[in-house]
Structure formats: structure tokens, C-alpha cells
Amino acid sequence: MGVVEVLFLGAGDAFCSGGQHQAGYLVTSRRGVLLLDCGATTLASLKRHEANIAAIDDVFLSHLHGDHFGGLPFLFLEWIYQSPRQRPLNVVGPPGTAERVTTLFRMLYRDVGSRPLPFELCFREVQPGEEVTLSSGTLLPFRVPHQQEEVSLGVQVTVEGRRVVYSGDTGWTDDLIHHSSGADLFICECSFFDTLVSNHLAYRTLEQARGRFRCQRLVLTHLGREVLARRNEVTLELAYDGLLVQM
């Protein structure tokens, strides 16, 4: 393997367009394993691609929409019953993460969710620009324009001398150029082809800006049906479930 591997667990949007799974990206290095987002389909994808679920050290949540954090309760169940876990799990996310995650677990599984987990769940709620160092890497979150009231984050992950940048869900901002500059991999959302909205990106926008990006590799993800229907017109790299990037 390369020094760092990124496995795309889900390249689809909230609607699982094209049958693709929801957001989830597994960053593996000799230092540890980091899961970027955990959509509702993440556990299925981890098992489909025979990933080592027990090896996950840390989880980063870009924002608190179900297709980005709704899979955590099923991971908790896995670690309670199927692959018993005792070591702590770090969950890093925007303000409100601890309350939303624990509430969701209790809503879906009232009996199990009301009891203490057999492993420590360590929440770290961060603000944009607040650097966090974990066993799996150093995270530098930055704010992106996706929600008006709650905080949505992109993140720079630095590990083993490599840098992976993930946009989360976002509308266009020149900050994407800045934060992805020099990155080995930029995982960037692309929900639409030419429909322009303020809180998601369109392929036409990214195509027009392609000469401004200074990353080694740009991969488009969170793909909606509009992009998939016109993929023969796309010249930038599109993600797919199971894509493995080695650096």
C-alpha cells in the first residue's frame, strides 16, 4: 500500500443516486484509521469492501445531516454485538455533535441507546480553524457555505506527510481554492451538473475553476442524478463506491 490510502465508501448524495452509497471516506495510514463522515449506508459499504471496521480510531463529521452522520448508530451496534470494542472512539464534529449523535442512537435503539456503551465515546466539538491532533492525523476544519444556521465544515487532514482535503457539502467559495492548494487529494462535492444553488456545487462551476486548483488530484463526489446522467460530458474525475486512492 501507499503511505496513505483513501477508500471511497460512498460517492452518492442523500438520495443514493445511481445506487451509490452515502458519504463516507476511510483514510488509512500507519498512524491509524480515520473515517470522514458516516452516512446511513456506511456500515454496509465497510463490509462490502472488507474494510477493517475494528481499526477505525477516529470519526470526523462535516455536518449533521443524516447522509453524513446517520450511520453512526449502526457502527455502535456493530461494536457492541458483532465486533466488540473496548478502546475509545473519537468523534470530531461541529457544535451540537454530541447531542445529535446520542439522541439519534437513542431514537433508533431506545433500549441499547439508554445504556452505557462498552467503549468510551469521546466527542470533540470544533469551530472552524480549530486544529485537532489525533492518532490518525491532524485535522484543520474550515467553514463552508452549506447551512445558514448550523455550522458545516470542510477539513484538511495531514498524516504521514500527505494532505487530504475534503469539502463536505458546500456551495461555491474561493476558500476551496485556498484550502486545497498543495493537497495530494481534494475530495470535492458535485451534486449537480449545471443547476446552480447556493449550498451545493455544480460541475459547470468546478469546470470553470479547474485551472485555479493547485492540488495533485481532484476527485468529485456526492454525485447527484443530474451529474450521473451526463457523466459522458464530464472531464474531471468522478468518484465511485470502492475507489481506492493511494498516496
Side-chain angles (χ1 to χ4, degrees), residues 1-12 20-62 67-69 71-72 74-79 82-93 119-122 124 126 131-141 153-168 179-180 182-189 215-222 237-247:
M1 68 176 266
V3 175
V4 178
E5 289 186 345
V6 180
L7 175 62
F8 285 64
L9 297 169
Q20 297 198 110
H21 285 172
Q22 295 172 355
Y25 310 90
L26 199 66
V27 182
T28 302
S29 72
R30 289 169 293 196
R31 284 186 51 176
V33 180
L34 167 68
L35 178 62
L36 298 175
D37 276 340
C38 185
T41 56
T42 296
L43 181 59
S45 193
L46 285 164
K47 292 189 174 184
R48 175 172 295 176
H49 299 294
E50 300 182 341
N52 186 353
I53 300 170
I56 297 172
D57 301 287
D58 309 304
V59 178
F60 172 82
L61 301 177
S62 64
D67 57 315
H68 292 261
F69 90 106
L72 277 177
F74 304 104
L75 278 183
F76 296 165
L77 283 185
E78 174 75 19
W79 287 322
Q82 297 288 307
S83 307
R85 181 188 187 104
Q86 293 183 324
R87 61 195 182 91
L89 177 75
N90 297 302
V91 178
V92 179
F119 56 92
E120 184 179 5
L121 196 54
C122 305
R124 175 75 179 269
V126 294
E131 188 174 272
V132 179
T133 298
L134 305 169
S135 62
S136 59
T138 299
L139 312 183
L140 181 61
L153 300 170
V155 67
Q156 299 182 35
V157 179
T158 303
V159 58
E160 298 284 0
R162 304 293 191 269
R163 190 155 65 89
V164 177
V165 178
Y166 171 48
S167 72
H179 289 293
S180 65
D184 295 278
L185 173 65
F186 179 28
I187 304 168
C188 185
E189 84 115 282
C215 50
Q216 292 295 316
R217 185 170 178 180
L218 170 63
V219 179
L220 306 185
T221 191
H222 202 269
E237 183 177 3
L238 296 182
Y240 56 88
D241 293 2
L243 171 64
L244 182 65
V245 176
Q246 297 179 318
M247 296 171 283

Residue that, paired with V164, satisfies side-chain contact (heavy atoms from CB on, under 4.5 Å) out of D184, L185, V159: L185

Minimum heavy-atom distance between L9 and L26, given as atom pair plus value: CD1-CB, 4.2 Å

Distance in Å, L244 CG paired with H49 NE2, rounded so as to fall on 0.5 Å steps: 10.0 Å

From C188 atom SG to H179 atom NE2, the distance as rounded to the nearest 0.5 Å: 12.5 Å

Evaluation steps, side-chain contact (heavy atoms from CB on, under 4.5 Å), between L75 and C38: CA-CA 9 Å; L75 278 183; C38 185; 3.7 Å; yes

Check: Q22/T41 side-chain N/O donor and acceptor closer than 3.5 Å: no

Worked check of side-chain contact (heavy atoms from CB on, under 4.5 Å) between H222 and H68: CA-CA 10 Å; H222 202 269; H68 292 261; 3.5 Å; yes

Pairwise side-chain contact, M247 with Q216, heavy-atom cut-off 4.5 Å (strictly under): no

Nearest-0.5 Å distance, CZ of residue R162 to CD of residue Q246: 11.5 Å

S45/F8 under side-chain contact (heavy atoms from CB on, under 4.5 Å): CA gap, chis, key distance, verdict: CA-CA 9 Å; S45 193; F8 285 64; over 6 Å; no

Rounded distance [0.5 Å steps], CG in L89 versus CG in D58: 7.0 Å

Separation between CG of L121 and CZ of F76, rounded to the nearest 0.5 Å: 4.5 Å

Minimal non-hydrogen separation, A55 against V33, with atom names: O-CB, 3.4 Å

Atom of L139, atom of V157 and distance for their closest heavy-atom approach: CD2-CG2, 3.6 Å

Side-chain donor-acceptor pair present, S136, D57, cut-off under 3.5 Å: no

Minimum heavy-atom distance between L218 and E237, given as atom pair plus value: O-CB, 3.7 Å

Minimal non-hydrogen separation, V126 against P141, with atom names: CG2-CG, 3.9 Å

Side chain to side chain donor-acceptor pair (under 3.5 Å) between T28 and E5, intermediate numbers included: CA-CA 5 Å; T28 302; E5 289 186 345; 5.5 Å; no

A54 versus W79, closest heavy-atom pair with distance: CA-NE1, 4.1 Å

Pairwise distance CG(L77) to CG(L43) - rounded to 0.5 angstrom: 9.0 Å

Stepwise side-chain contact (heavy atoms from CB on, under 4.5 Å) check, I56 with L46: CA-CA 11 Å; I56 297 172; L46 285 164; 4.2 Å; yes

Main-chain N/O of A11 paired to D241 side chain as donor or acceptor, under 3.5 Å: yes

Y25 side chain reached by T221 side chain, heavy atoms, under 4.5 Å: yes

Min side-chain heavy-atom separation N90-R124 under 4.5 Å: no

Candidate pair E160 and R31, rule salt bridge (Lys or Arg N to Asp or Glu O under 4.0 Å), full reasoning: CA-CA 8 Å; E160 298 284 0; R31 284 186 51 176; 5.6 Å; no

